[in-house]
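These notes concern the structure reproduced below.
Numbering of residues begins at 1 and proceeds along the displayed sequence.
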Amino acid sequence: MTNRILIFCALAFSLHAADTPAPASTMQRFVAIDNVCAWPNLTLLPDGSINTTIFGQPSHGQMAGAAECWNSPDGQFWTKRGIPAPNEPNTNRMNVACGLAKNGDLLVLCSGWTDVKQDIRPKQPVFRDAIIPTWVCRSADGGKTWTQIKRFPEAEEGWSPYVPFGDIKQGADGALHVSCYHGKYKTPTENMKLGPLRSWHLRSDDDGKTWQPVSIIHNTGNETTLLHLGGTRWLAAARETAMDLFISEDDGQTWGAPNRVTQKNEINGHLVRLADGRILLAYGNRIKTGNQFGVLAKLSSDEGKTWGEPIRIGHTTTWDCGYPSTVQRADGKLVTAWYAGSSEYHARYHMAVAIWDVPPK
């Protein structure tokens, strides 16, 4: 099953004052997968193809649906490959973290929501009755077939289950690392409202079969992704009201002070190390003034300490957008995917992709 695709190139966008437009000749943009809310997570597979793991329904989580894997040889044309986490009736599997195991298998950690009333409290809004536990999903054939381990660490009493997010990364010793977040219940017998959210660092020493919480990254953050800087050094990008970066010098046992690197409502970030050694941070823009909705990126040449001016990757016509994810192809080009509720070129949910050249140093 191939996607329905609409190609667009070098569109002129309204930029806010700090945006740096990428040269038109080096940026191609596509509607890559139509009619999905997506929240894409890209993984570069050992054969050089690109996997995206998405939520396969045109809804911001208010309907049943599964996590889906799609594959592309280059980021342009996408084919649906498999279902890592089939959803049970009246549930969705929409929250994922993805990456490669040490043995090359594709891993997806996946949770979501149920629309079934819980005994402890009254019926909640649609698909917000409870967070369902995370499954550990594994594929040895590039996402075509999957097994699930339906066990994951339980959160402490009074806190919601862990919700996975971002990339699964391998450390220097071969262990796997990921981030999850959760929230403290405010009035669990009345509603599902969560108080403080916090993001965690988790580790697997058996190539992704089991996971253990290691440390809190952000005491008031939620969706967080990790990047291995080498040795025992890690960089984490955490969503709060903006993007906060954290450094660990001891393999994620402890984390330093936050470094805020975006404006308020520039959120849902992703980190990738480029072939030239720089780090790319891509993030969504949900600022409601000045026609700014869309996706931006910044580059760092000093391991995340300082960042250049924002680069405009994509533009949308709604705040319901973002969650970018980027990989670099063997030819050096970047492939960045994000989701949009609508845009100037497409009026409904879709996964958009930009294929672009790395700006010179």
For this session: Could you check Glu88 against Arg93 for salt bridge (charged side-chain N to carboxylate O under 4.0 Å, His left out), going step by step and ending with a plain yes or no?
Result: CA-CA 9 Å; Glu88 296 170 333; Arg93 290 273 166 187; 5.2 Å; no

Exercise. Between Arg203 and Asp205, is a salt bridge (charged side-chain N to carboxylate O under 4.0 Å, His left out) present by the stated rule, with each step listed?
Worked result: CA-CA 7 Å; Arg203 174 186 173 112; Asp205 291 298; 2.9 Å; yes

For this session: Let me see the working for Thr43 and Leu100 under side-chain contact (heavy atoms from CB on, under 4.5 Å), right down to the final yes or no.
Result: CA-CA 8 Å; Thr43 304; Leu100 295 179; 3.9 Å; yes

Exercise. Would Ile132 and Trp113 count as a side-chain contact (heavy atoms from CB on, under 4.5 Å) if you check the C-alpha gap in whole Å, the side-chain angles of each, and the deciding distance to 0.1 Å?
Worked result: CA-CA 5 Å; Ile132 57 178; Trp113 291 82; 5.9 Å; no

For this session: Mind running side-chain hydrogen bond (donor to acceptor under 3.5 Å, both in side chains) on His315 and Asn285 for me, showing each step along the way?
Result: CA-CA 9 Å; His315 193 273; Asn285 186 322; over 6 Å; no

For this session: Using the side-chain hydrogen bond (donor to acceptor under 3.5 Å, both in side chains) rule, take Arg198 and His218 through it: C-alpha gap first, then chi angles, then the decisive distance, then the call.
Result: CA-CA 6 Å; Arg198 62 187 187 187; His218 197 324; over 6 Å; no

Exercise. Does the pair Arg260 and Asp244 meet the rule for a salt bridge (charged side-chain N to carboxylate O under 4.0 Å, His left out), with working shown?
Worked result: CA-CA 4 Å; Arg260 181 150 293 191; Asp244 292 335; 2.7 Å; yes

For this session: Dump the intermediate steps for side-chain hydrogen bond (donor to acceptor under 3.5 Å, both in side chains) on Glu344 and Thr317, then the final yes or no.
Result: CA-CA 6 Å; Glu344 293 172 346; Thr317 54; over 6 Å; no

Problem set entry | Pair Asp320-Phe293, side-chain contact (heavy atoms from CB on, under 4.5 Å): steps then yes or no | CA-CA 9 Å; Asp320 194 3; Phe293 297 142; over 6 Å; no

Problem set entry | Test salt bridge (charged side-chain N to carboxylate O under 4.0 Å, His left out) applied to Lys184 and Glu157, step by step | CA-CA 9 Å; Lys184 190 172 185 178; Glu157 187 175 355; over 6 Å; no

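In terms of modelled atom types and a separation under 3.5 Å, the side chain of Gln124 and the main chain of Lys193 share no donor-acceptor contact. A donor-acceptor distance shorter than 3.5 angstrom exists from the side chain of Ser72 to the backbone of Phe77, with no hydrogens or angles considered. Between the side chain of Ser139 and the backbone N or O of Thr145 there is at least one donor-acceptor pair closer than 3.5 Å. A donor-acceptor pair under 3.5 Å is formed between the side chain of Tyr339 and the backbone N or O of Cys321. Side chain of Thr224 to main chain of Asn222: a donor-acceptor pair is present (N/O by atom type, distance under 3.5 Å, no hydrogens or angles). At distances below 3.5 Å, at least one donor-acceptor pair connects side-chain atoms of His201 with backbone N or O atoms of Gly252. Remark: side-chain polar atoms of Thr336 are not paired, donor with acceptor, to backbone N or O of Thr326 under 3.5 angstrom. Counting only distance, with no hydrogens or angles, the side chain of Arg151 and the backbone of Trp135 share no donor-acceptor pair below 3.5 Å. Proximity of a side-chain donor or acceptor of Asn41 to a complementary backbone N or O of Ile54 within less than 3.5 Å is not detected. Counting only distance, with no hydrogens or angles, the side chain of Ser300 and the backbone of Ile279 share no donor-acceptor pair below 3.5 Å.
Within 6.0 Å of atom CD in Gln118, more than 12 heavy atoms from other residues, nucleotides or ligands are found, so the atom counts as buried in its surroundings. Enclosure of atom NZ in Lys144 is not indicated, since only 12 or fewer non-hydrogen atoms of other residues, nucleotides or ligands lie within 6.0 angstrom. The number of heavy atoms from other shown groups lying within 6.0 Å of NZ (Lys361) is above 12. In this structure, Lys264 places its NZ atom where only 12 or fewer heavy-atom neighbours from other residues, nucleotides or ligands lie under 6.0 Å away. Within a 6.0 Å radius of NZ in Lys123, more than 12 heavy atoms belonging to other residues, nucleotides or ligands are found.
Annotation: the span from Thr189 atom OG1 to Lys186 atom NZ amounts to 14.5 Å, rounded to 0.5 Å. Interatomic distance, Glu223 CD to His270 NE2, rounded to the nearest 0.5 Å: 13.0 Å.
A salt bridge between Lys333 and Asp331 is absent, with no side-chain N of the basic residue lying under 4.0 Å from a carboxylate O of the acidic one. Using a 4.0 Å cut-off between charged side-chain N and carboxylate O, Arg286 and Glu266 make no salt bridge. Taking a cutoff of 4.0 Å between a charged side-chain nitrogen and a carboxylate oxygen, Arg233 and Asp250 do not qualify as a salt bridge.
Aromatic ring orientation, Trp200 versus Tyr162: perpendicular (interplanar angle above 60°, classes split at 30° and 60°). Relative orientation of the His60 and Trp319 rings is tilted, given thresholds of 30° and 60° on the angle between their planes.
Side chain to side chain, Gln57 and Asn92 fail the donor-acceptor criterion of an N or O pair below 3.5 Å. Side-chain contact check for His346 and Asp34: at least one donor-acceptor pair (N or O, by modelled atom type) lies under 3.5 Å. In this model, no donor atom of one side chain and acceptor atom of the other lie less than 3.5 Å apart for Arg239 and Thr225. Between the side chains of Thr114 and Asp129, no donor N or O sits under 3.5 Å from an acceptor N or O. Using a 3.5 Å distance cut-off with no hydrogens or angles, the side chains of Trp255 and Ser215 do pair a donor with an acceptor. For the residue pair Trp70 and Asn51, no side-chain donor N or O sits within less than 3.5 Å of a side-chain acceptor on the partner.
Counting heavy atoms from C-beta outward, Ser179 and Ile217 have side chains that approach closer than 4.5 Å.
Not less than 6.0 angstrom separates the ring centroid of Tyr323 from the ring centroid of Trp338. Aromatic rings from His177 and Trp211 are positioned such that their centres are separated by 6.0 Å or more.
Every residue two or more places apart in sequence or in another chain that forms a side chain to side chain contact (heavy atoms under 4.5 Å, CB included) with Ala340 is listed here: Thr316, His350.
Taking the ring centre of Trp146 as origin, the terminal cationic atom of Arg81 falls outside the region bounded by 6.0 Å and 45° from the ring axis. For the pair Lys298 and Trp307, the NZ or CZ position fails the cation-pi test of under 6.0 Å to the six-membered ring centre and within 45 degrees of the ring normal.
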